[in-house]
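Note: hydrogens, waters and symmetry copies are ignored here, and every other heavy atom, side chains too, is used. As the structure is a prediction and not an experimental result, all values here were calculated from the model. First listed ligand is number 1; within each ligand, the first listed atom is number 1.
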Amino acid sequence: MLDSVIIGGGPSGLNASLILARAKKNIILFDEDKPRNAVTHESHGFITRDGITPSEFKKIAKQDLMKYPNFRLYNERAMDIKKEAGFFSIYTESGNVYISRKVILSTGLVDVLPSIEGIHDFYGTSLFTCPFCDGWELKDLPLVLITENPNAFHKIKLIYNWSRDLIVCTNGKNALSREQRELLLSKKIKVIEDQIATLHGSGGKLKSIRFKNGNEIERKGGFVAAGLKQASTLAKSLGCKQLPNGGIEIDHFGRTNIAGVYASGDISLSTPSQVINAASEGSIAAMGVIHDLVNEDF
Ligand SMILES: Cc1cc2nc3c(=O)[nH]c(=O)nc-3n(C[C@H](O)[C@H](O)[C@H](O)COP(=O)(O)OP(=O)(O)OC[C@H]3O[C@@H](n4cnc5c(N)ncnc54)[C@H](O)[C@@H]3O)c2cc1C
């Protein structure tokens, strides 16, 4: 019988594993290794690791974990989890079944980009989602924000912090009110509501945006407001409560509404999506598991 399984080996699941391993718990981390930031070449904003490649971050994390003999890492997808008589059966892609007392879900999110020709050629190289992650690298350049989202106004203000040379493209959507457009114009932020035909550039570097009406604007990079969806259906199938923003509801120790199931990292949408926040949430959920196991066993 395992003390806990952790599903998802991003920064959140990796840090959860570290805290559980150091508490002498018998644990397995299942990871199918498709992290959200796989498209990026550099990850920023984690002190001591600023600019590291996501794969190098993961390699160092695994080296830290391999010191603990009570930790195992299986590179496979957890297909299903069933709760029976207070324990969890974890069914994996290879057909194996593991029994555990607790489960931490750190399965992350997937970005859903607007359907624009060429967008994936630039995403992660010169087009990003988060200015806190990649704003410095694009600072003071001619930027675009592509957003179809009616709640985009605050994101525009944020990106303006990094560059005053900003054009907002709504790709044919009516994403901003008249008052918002007027305020943007007063800051010399142009809003183009025409439908985008294609993004143009080479080697991942954006050069211009071509519109269906034949117009074209030159931009060196920018941001895109992506939709977010859960990377896994495990939380839903276990009956974990989902908040209106799509995040899994957790308490201050990562507990979901299902006893014995914890969630951490991007999956909860309870902190801004960043590696350091995901790692922190993993640590907190692991402590939640340990507190609860100690209470049950003492
Ligand atoms: C383009 C881009 C750039 C970014 N840049 C930065 C940056 O510079 N700095 C920063 O701090 N943050 C950055 N982020 C955000 C950062 O990537 C996330 O906040 C962070 O990866 C979240 O960690 P996580 O552990 O919650 O999820 P993830 O890192 O997404 O890890 C989840 C893991 O779970 C696995 N998984 C899912 N389902 C299953 C299953 N059923 N069984 C087994 N495994 C499963 C996945 O394959 C994946 O390996 C960026 C994000 C994007 C999209």
Donor-acceptor contact present, side-chain Asn171 to main-chain Ile196, <3.5 Å: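 Side chain of Asn171 to backbone of Ile196, a donor-acceptor pair under 3.5 Å: yes, one is there.
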
Per-residue contact class, [X] against ligand 1 - non-hydrogen pairs under 4.0 Å:
X: Asn277; result: neither
X: Ile7; result: side chain
X: Glu76; result: backbone
X: Cys133; result: both
X: Lys58; result: side chain
X: Leu234; result: side chain

Option among Ser12, Ser270, Ser280 that satisfies the side-chain hydrogen bond (donor to acceptor under 3.5 Å, both in side chains) test with Ser264: Ser12

Among Asp292, Asp251, Thr256, the one residue meeting side-chain hydrogen bond (donor to acceptor under 3.5 Å, both in side chains) with Tyr262: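 With Tyr262 as partner, Asp292, Asp251, Thr256 yield a single side-chain hydrogen bond (donor to acceptor under 3.5 Å, both in side chains), made by Asp292.
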
Heavy-atom gap [X] to ligand 1 smaller than 4.0 Å:
X: Ser106; value: yes
X: Phe128; value: no
X: Asp31; value: yes
X: Ser43; value: yes

Geometry only, no angles: is [X] polar-contacting ligand 1 at N/O separations under 3.5 Å?
X: Ser264; value: no
X: Tyr123; value: no
X: Lys34; value: yes
X: Val275; value: yes
X: Gln274; value: yes
X: Asp111; value: no
X: Gly265; value: no

Taking only heavy atoms of [X], which atoms of ligand 1 are found under 4.0 Å from at least one of them?
X: Ala278; result: 22 (C), 23 (O), 26 (O)
X: Ser232; result: 38 (N)
X: Gly9; result: 33 (C), 34 (O)
X: Arg77; result: 38 (N), 39 (C), 40 (C), 41 (N), 42 (N), 43 (C)
X: Asp33; result: 47 (O), 49 (O)
X: Val39; result: 1 (C)

Residue from Asp33, Asp31, Thr92 passing side chain to side chain contact (heavy atoms under 4.5 Å, CB included) with Glu76: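 Only one of Asp33, Asp31, Thr92 forms a side chain to side chain contact (heavy atoms under 4.5 Å, CB included) with Glu76, namely Thr92.
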
Given Leu243, Ile250, Leu109, the one that forms side chain to side chain contact (heavy atoms under 4.5 Å, CB included) with Leu269: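 Exactly one option meets the side chain to side chain contact (heavy atoms under 4.5 Å, CB included) with Leu269, and it is Leu109.
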
Measure the distance from [atom] to every protein heavy atom, then report the residue, atom name and distance (to 0.1 Å) of the closest one.
atom: atom 34 (O) of ligand 1; value: Gly8 CA, 3.1 Å
atom: atom 45 (C) of ligand 1; value: Glu32 CG, 3.7 Å
atom: atom 30 (O) of ligand 1; value: Arg36 N, 3.1 Å
atom: atom 15 (C) of ligand 1; value: Ser273 O, 3.8 Å
atom: atom 50 (C) of ligand 1; value: Asn37 CB, 3.9 Å
atom: atom 18 (C) of ligand 1; value: Asp266 OD2, 3.2 Å
atom: atom 9 (N) of ligand 1; value: His44 O, 2.7 Å
atom: atom 3 (C) of ligand 1; value: Thr40 CG2, 3.1 Å

Whether Phe132 and Trp162 hold their rings parallel, tilted or perpendicular, with breakpoints at 30° and 60°: perpendicular

Any side-chain heavy-atom pair of Arg178 and Leu183 under 4.5 Å: no

Beyond-backbone contact of Leu29 with Lys62, side-chain heavy atoms, under 4.5 angstrom: no

Worked verdict on Leu2 versus Arg101 for side-chain contact (heavy atoms from CB on, under 4.5 Å): CA-CA 6 Å; Leu2 293 156; Arg101 295 176 68 186; over 6 Å; no

Closest heavy-atom pair and its distance - Tyr91, Glu84: OH-OE2, 4.3 Å

Shortest non-hydrogen contact between Phe122 and Leu206, atoms and distance: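 It is CD2-N, 3.5 Å.
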
N-O pairing of Arg36 and Asp266 below 4.0 Å: yes

NZ/NE/NH1/NH2 to OD/OE distance under 4.0 Å, Glu93 and Arg77: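 No, Glu93 and Arg77 are not salt-bridged.
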
Tyr98 ring center near Phe30 ring center (under 6.0 Å):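 Yes; Phe30 has its ring centre under 6.0 Å from that of Tyr98.
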
Nearest neighbour of atom 42 (N) of ligand 1 from the list Ser12, Ala279, Pro54, Ala78, on a heavy-atom basis: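 Closest candidate by heavy-atom distance is Ala78.
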
ILVMFWY network linking Ile28 to Val261, side-chain heavy atoms under 4.5 angstrom: yes

Side-chain donor-acceptor contact under 3.5 Å, Arg219 with Ser126: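 Distance-only check fails for Arg219 and Ser126.
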
Stepwise side-chain hydrogen bond (donor to acceptor under 3.5 Å, both in side chains) check, Thr170 with Glu148: CA-CA 5 Å; Thr170 67; Glu148 301 175 345; over 6 Å; no

Glu296 and Lys102: CA distance, side-chain angles, deciding distance, salt bridge (Lys or Arg N to Asp or Glu O under 4.0 Å) verdict: CA-CA 12 Å; Glu296 288 165 24; Lys102 309 286 180 198; 2.6 Å; yes

